[in-house]
**Student:** 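What follows is a single structure, and I will ask about it in a moment.
Every number for a ligand or one of its atoms is a count from 1 in the order of the listing.
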Amino acid sequence: METRITQMLGIDYPILQGGMAWVATAELAAAVSEAGGLGIIGAGNMPADLVKREIEKARALTARPFGVNIMLLSPYIDDVVDVVLEAEVPVVTTGAGNPGKYLDAFKRIGTKVIPVVPSVALARRLERLGVDALIAEGHESGGHIGELTTMVLVPQVVDAVSIPVIAAGGIADSRGMAAAFALGAEAVQMGTRFVCAAECTAHENYKRAIIAAEDRDTTVSGRTTGHPVRCLKNRLTRQFAAMESSGSTPEELERLGAGKLRLAVVEGDVDQGSVMAGQSAGMVNRIQPAAEIVQELMDGLQAVVDRLGSII
Ligand code: TUI
């Protein structure tokens, strides 16, 4: 299967693995790239030297292209950008802000820059600045989210720009993939499904929590802080909700959230930690090797297309 995205990135299948903080380490990224998709290391809030180590680890595990996601709210963002530039990582995705000020440096060395956008306005602005492609990520996603659902965001972004668009948010199987292509996307990005890849180093409890989750088991916290985050419901999200409804300040809420993602992903405390996951958690039912996930997605896509051909 060829699209402008597979050609641009030099990958076999139009599947990107979301660059999830703490979850998307070198092991997962390398496994997805080896499977023919694009694996992405999540830099999140990691200090730059740790990001550098993950890049080196991924290079030792695969000769295929992989990416790094830089989280623009990171306290270490400038140092992380320097490390990624120095390592000449072929693809950078960005999240949680406007990457405009870093674009020229990446373009100069030929790194493809693919920002996540939650709106048409930001999509237009970033296309003008010269980004290579965009990820239109809907409200169904895990972690930090925008307002619009994937179903309405993707076609509006596709219509507003001429660069290729990758759909993300709520996609976890071949049906979602086919739907994304129907909306005009040229690849998909999936996070939650890849958390449950065998190669993902997230704590077993984190994977089990996603597998156990049903359709209504995620919730959005932090709307009052301006940084809404989707997680599995647990003691932490109930505490967040109680504090938000009793008028806690954004600073108090930020303090409650600090360190909680690492607590869940690394320590396995899925009760008091932040179990970021998308609404597709209800569709993720087992742990499988990344290559099996990719193969299942691609085989299933043909079956969906055949079925559509017979009813349309
Ligand atoms: O970034 C993500 N997902 C994330 S980041 C993260 S770490 C975090 N934790 C707590 C609070 C905030 C961050 C966990 N999950 N996905 C990509 C994404 N980007 N979603 C939404 C956005 C976004 C939002 C606003 C991108 C650009 C944007 O621009 C605002 C502007 O500056 O115009």
**Student:** Give a yes or no on whether Tyr76 atom OH has more than 12 heavy-atom contacts from other residues, nucleotides or ligands under 6.0 Å away.
**Tutor:** no

**Student:** Is ligand 1 under 4.0 Å from a heavy atom in the side chain of Leu122, in the backbone, in both, or in neither?
**Tutor:** side chain

**Student:** Kindly identify the option in His144, Gln189, Glu254 whose heavy atom sits closest to atom 2 (C) of ligand 1.
**Tutor:**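 Looking at heavy atoms only, the winner is His144.
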
**Student:** Check for me whether Gly97 has a heavy atom closer than 4.0 Å to any atom of ligand 1.
**Tutor:** yes

**Student:** For residues 185-229, which residue pairs pass the ring pair (Phe, Tyr, Trp, His ring centres under 6.0 Å) check, not counting sequence neighbours?
**Tutor:** His144-His227

**Student:** Quick check on contacts: which atoms of ligand 1 are under 4.0 angstrom from a heavy atom of Met71?
**Tutor:**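 Ligand 1 atoms under the 4.0 Å threshold to Met71: 5 (S), 7 (S).
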
**Student:** Taking atom CD of Glu292 as the centre, does the number of heavy atoms from other residues, nucleotides or ligands within less than 6.0 Å exceed 12?
**Tutor:** yes

**Student:** Identify the two heavy atoms, one from Cys196 and one from Ile211, that lie closest to each other, and give their separation to 0.1 Å.
**Tutor:** SG-CG1, 3.9 Å

**Student:** What are the two closest non-hydrogen atoms of Ala87 and Ile55, and how far apart are they?
**Tutor:** CB-CG2, 3.9 Å

**Student:** Are Thr219 and Thr237 linked by a side-chain donor-acceptor pair shorter than 3.5 Å?
**Tutor:** no

**Student:** Below the 3.5 angstrom mark, is there an N/O of Ala96, backbone or side chain, next to an N/O of ligand 1?
**Tutor:**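 Yes, there is a polar N/O contact under 3.5 Å.
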
**Student:** Look at atom 24 (C) of ligand 1 and say which protein heavy atom is nearest, naming residue and atom and giving the distance to 0.1 Å.
**Tutor:** Pro118 CG, 3.7 Å

**Student:** What is the nearest protein non-hydrogen atom to atom 10 (C) of ligand 1, stated with its residue, atom name and distance?
**Tutor:**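 Its nearest protein heavy-atom neighbour is Val229 CG2, 3.8 Å.
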
**Student:** Considering heavy atoms of the protein only, find what lies nearest to atom 12 (C) of ligand 1 and give residue, atom and distance to 0.1 Å.
**Tutor:**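 Looking at atom 12 (C) of ligand 1, the protein heavy atom closest to it is Leu73 CD1, 3.7 Å.
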
**Student:** Take atom CD of Glu86 as the centre, draw a 6.0 Å sphere, and report whether it contains more than 12 heavy atoms from other residues, nucleotides or ligands.
**Tutor:**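 No, CD of Glu86 has 12 or fewer neighbouring heavy atoms, counting only those of other groups under 6.0 Å.
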
**Student:** Considering both backbone and side-chain atoms of His227, is one of its nitrogen or oxygen atoms within less than 3.5 Å of a nitrogen or oxygen in ligand 1?
**Tutor:**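 His227 vs ligand 1: no N/O contact under 3.5 Å.
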
**Student:** Distance under 4.0 Å to a non-hydrogen atom of Glu137: what atoms of ligand 1 satisfy this?
**Tutor:** 16 (N), 17 (C), 18 (C), 20 (N)

**Student:** Out of curiosity, is Gly44 lining ligand 1, as in a heavy atom under 4.0 Å away?
**Tutor:**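 No; Gly44 lies far enough from ligand 1 that no heavy-atom distance drops under 4.0 Å.
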
**Student:** Is the closest basic N to carboxylate O distance between Glu140 and Arg230 below 4.0 Å?
**Tutor:** no

**Student:** Where is the nearest protein heavy atom to atom 9 (N) of ligand 1: which residue, which atom, and how far?
**Tutor:**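 For atom 9 (N) of ligand 1, the nearest protein heavy atom comes out as Met276 CE, 4.1 Å.
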
**Student:** Considering the heavy atoms of Gly95, write down every atom of ligand 1 situated less than 4.0 Å from one of them.
**Tutor:**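 Under 4.0 Å from Gly95, ligand 1 has these atoms: 1 (O), 17 (C), 19 (N).
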
**Student:** Among protein heavy atoms, which lies nearest atom 18 (C) of ligand 1, and at what distance?
**Tutor:**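 Protein heavy atom with the smallest distance to atom 18 (C) of ligand 1: Val116 CG1, 3.3 Å.
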
**Student:** Going by salt bridge (Lys or Arg N to Asp or Glu O under 4.0 Å), name the pairs with one or both residues in residues 1-15, residues two or more places apart or in two chains.
**Tutor:**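 Counting only pairs at least two positions apart or across chains, the salt bridge (Lys or Arg N to Asp or Glu O under 4.0 Å) contacts touching residues 1-15 are Arg4-Glu186, Asp12-Arg64.
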
